[in-house]
Amino acid sequence: MQRGLDSETKKQLEEEEKKIISEEHWYLDLPELKEKESFIIEEQSFLLCEDLLYGRMSFRGFNPEVEKLMLQMNAKNKAEEEEEDATVELDVSDEEMARRYETLVGTIGKKFAKKRDRANYEEDENGNMKPIKTKKMFLKPQD
Amino acid sequence: MAERGLVASESLAGCRPRAARTVLGQVVLPGEELLLPEQEETDGPGVAGERPLRLNAGVRSRLRVVCGPGLRRCGDRLLVTKCGRLRHKEPGCGSSGGIYWVDSQQKRYVPVKGDHVIGIVTAKSGDIFKVDVGGSEPASLSYLAFEGATKRNRPNVQVGDLIYGQFVVANKDMEPEMVCIDSCGRANGMGVIGQDGLLFKVTLGLIRKLLAPDCEIIQEVGKLYPLEIVFGMNGRIWVKAKTIQQTLILANILEACEHMTADQRKQIFARLAES
């Protein structure tokens, strides 16, 4: 004896329920309004229209900080326009910097190394600092 | 005079919309519609000689045009909402078609996002300050919006102080909000403006004229004596010099230079330089 409903009748019942629910939903009976892609953008700000200088100004050294700011901000405006690409001339070349840093790591590291480790540093001193040797650990004796 | 006005208004009312290109630098009135360069071909039987030949008439390469203050978008055209001269600026880079705006004059300021303004602190309620910027409502300024401000390290701002800041929120639906730091968290000259000095109000057009990159007035003023000026886009200027008399002279010059011709200005500066 079948107590439950058939799968088919179940499906039919579900479909009927869905139909009733979707018919109850409200919808606007208007034609589809397509919003055209507009090529006009609205802006209310004058900053885009006219290149205005920075609002704080100081003359003849009255306020040195503001004078520094003036140079900075007005130069920023000009830099954006001209897209300056001048590479700054280096006082120290990159290779020299790398060499200095190599030795620097060793000297500063020595400061924080413990007394036992300092011995490792001094061994390889030919003008170049070499890194710490492996620490002496307990070696398990082989039978 | 009234008859001429009537005739002019009738002729404008019955007119076709004009091309924006042809009206540059001329006075436009509210209600006029302006055509952008791409649309001139279809509307304009009289300008047959200028119509360029197009092989592919259906496809038009559209440029992005920005309509600035005083203009509104109306379908594909620009609608003028303020009276003044129409200006145009070509873009420096990129594919946009440039920006059109109306150079108008007014005294009442409407807050705009990104503008640097001078405000007066009117109230201190909880965590925010209420700052009067000359608009329809006071702007709110949070106490954390200063450089180096934390919950424990509060900025030293009292009621009645002058603040130089910029708007982060400014539209017709919400209360304007301003801050005294930029997006990186640095002050860049914003914050409380120092002691002494004089604050006075001028028209908005004068501020823009004085802040133009090649403004002669500012260059001449700078040669007189040591001084400091702060310009707010809301029509407020704060000046400070070493003595009260110098400060007052400066304020009078800046207020009066709007209506003076270049010659009159040079005369006054010459007289000041002598004394």
Side-chain angles (χ1 to χ4, degrees), chain A residues 26-92 94 97 101, chain B residues 36 38 62-78 87 89 92-93 96-97 99-101 103 110 112-118 164 170-171 188-190 193-194 204 207-208 210-213 215 218 221-233 240-242:
Chain A
W26 291 64
Y27 60 91
L28 283 174
D29 198 10
L30 292 173
E32 253 188 52
L33 293 170
K34 261 195 198 172
E35 198 184 291
K36 293 182 220 164
E37 194 190 337
S38 66
F39 291 87
I40 306 178
I41 312 170
E42 278 188 25
E43 287 273 352
Q44 290 299 318
S45 167
F46 274 106
L47 288 176
L48 288 174
C49 309
E50 308 169 14
D51 292 321
L52 298 177
L53 296 175
Y54 184 57
R56 284 194 90 147
M57 298 187 188
S58 159
F59 296 100
R60 297 181 71 168
F62 195 76
N63 191 340
E65 291 167 9
V66 174
E67 298 205 358
K68 256 193 273 175
L69 262 175
M70 272 171 76
L71 292 172
Q72 214 184 353
M73 304 292 282
N74 293 333
K76 215 194 287 182
N77 283 346
K78 282 190 192 160
E80 279 174 15
E81 282 179 19
E82 293 169 2
E83 292 174 16
E84 55 172 339
D85 51 358
T87 51
V88 180
E89 278 185 22
L90 303 166
D91 295 325
V92 183
D94 292 330
M97 277 290 283
Y101 266 114
Chain B
L36 291 173
E38 303 103 27
R62 286 239 174 155
L63 299 172
R64 272 242 155 126
V65 170
V66 182
C67 72
L71 292 172
R72 285 269 158 122
R73 182 170 69 88
C74 171
D76 277 340
R77 304 173 182 178
L78 298 177
R87 305 266 185 231
K89 179 176 138 181
C93 54
S96 60
I99 175 164
Y100 290 91
W101 77 93
D103 204 357
V110 173
V112 167
K113 183 176 167 178
D115 264 2
H116 293 258
V117 293
I118 299 180
Y164 186 62
N171 51 40
N188 271 346
M190 294 189 272
I193 299 178
L204 307 188
I207 300 273
R208 280 185 280 124
L210 291 172
L211 282 179
C215 180
I218 294 292
V221 156
K223 293 177 199 160
L224 286 175
Y225 35 74
L227 49 89
E228 189 185 348
I229 318 181
V230 179
F231 292 98
M233 296 293 288
K240 182 173 171 187
K242 286 201 174 142

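Labels below follow one simple rule: chain letters A, B, ... track the order of the sequence lines, proteins then strands, and each chain is numbered from 1.
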| At a heavy-atom separation under 4.5 Å, does A:Leu69 approach chain B through its side chain, its backbone, both, or neither? | side chain
| Which bit of A:Leu48 comes within less than 4.5 Å of chain B, counting heavy atoms only: side chain, backbone, both or neither? | both
Report the distance from atom [atom1] of [X] to atom [atom2] of [Y], rounding to the nearest 0.5 Å.
X	Y	atom1	atom2	value
B:Lys89	A:Asp51	NZ	CG	4.5 Å
B:Leu210	A:Leu52	CG	CG	10.5 Å
A:Phe46	B:Asp103	CZ	CG	6.5 Å

| field | Minimum heavy-atom distance between B:Cys67 and A:Ile40, given as atom pair plus value | value | SG-CG2, 4.0 Å
| remark: Heavy-atom closest pair (B:Pro69 atom, A:Gln44 atom, distance to 0.1 Å) is CG-O, 3.7 Å
| field | Main-chain N/O of A:Ile41 paired to B:Arg73 side chain as donor or acceptor, under 3.5 Å | value | no
Could you tell me which portion of [X] (side chain, backbone, both or neither) has an atom closer than 4.5 angstrom to a non-hydrogen atom of chain A?
X	result
B:Val230	both
B:Leu224	backbone
B:Lys240	both
B:Arg72	both
B:Ala170	neither

| request: Identify which of B:Leu78, B:Val110, B:Ile218, B:Asp115 forms the greatest number of heavy-atom pairs closer than 4.5 Å to chain A. | output: B:Ile218
| task | Go through the steps to decide whether B:Trp101 and A:Glu50 satisfy the test side-chain contact (heavy atoms from CB on, under 4.5 Å), and finish with yes or no. | result | CA-CA 10 Å; B:Trp101 77 93; A:Glu50 308 169 14; 3.7 Å; yes
| Does the pair A:Arg56/B:Glu228 count as a salt bridge with the N-to-O cut at 4.0 Å? | yes
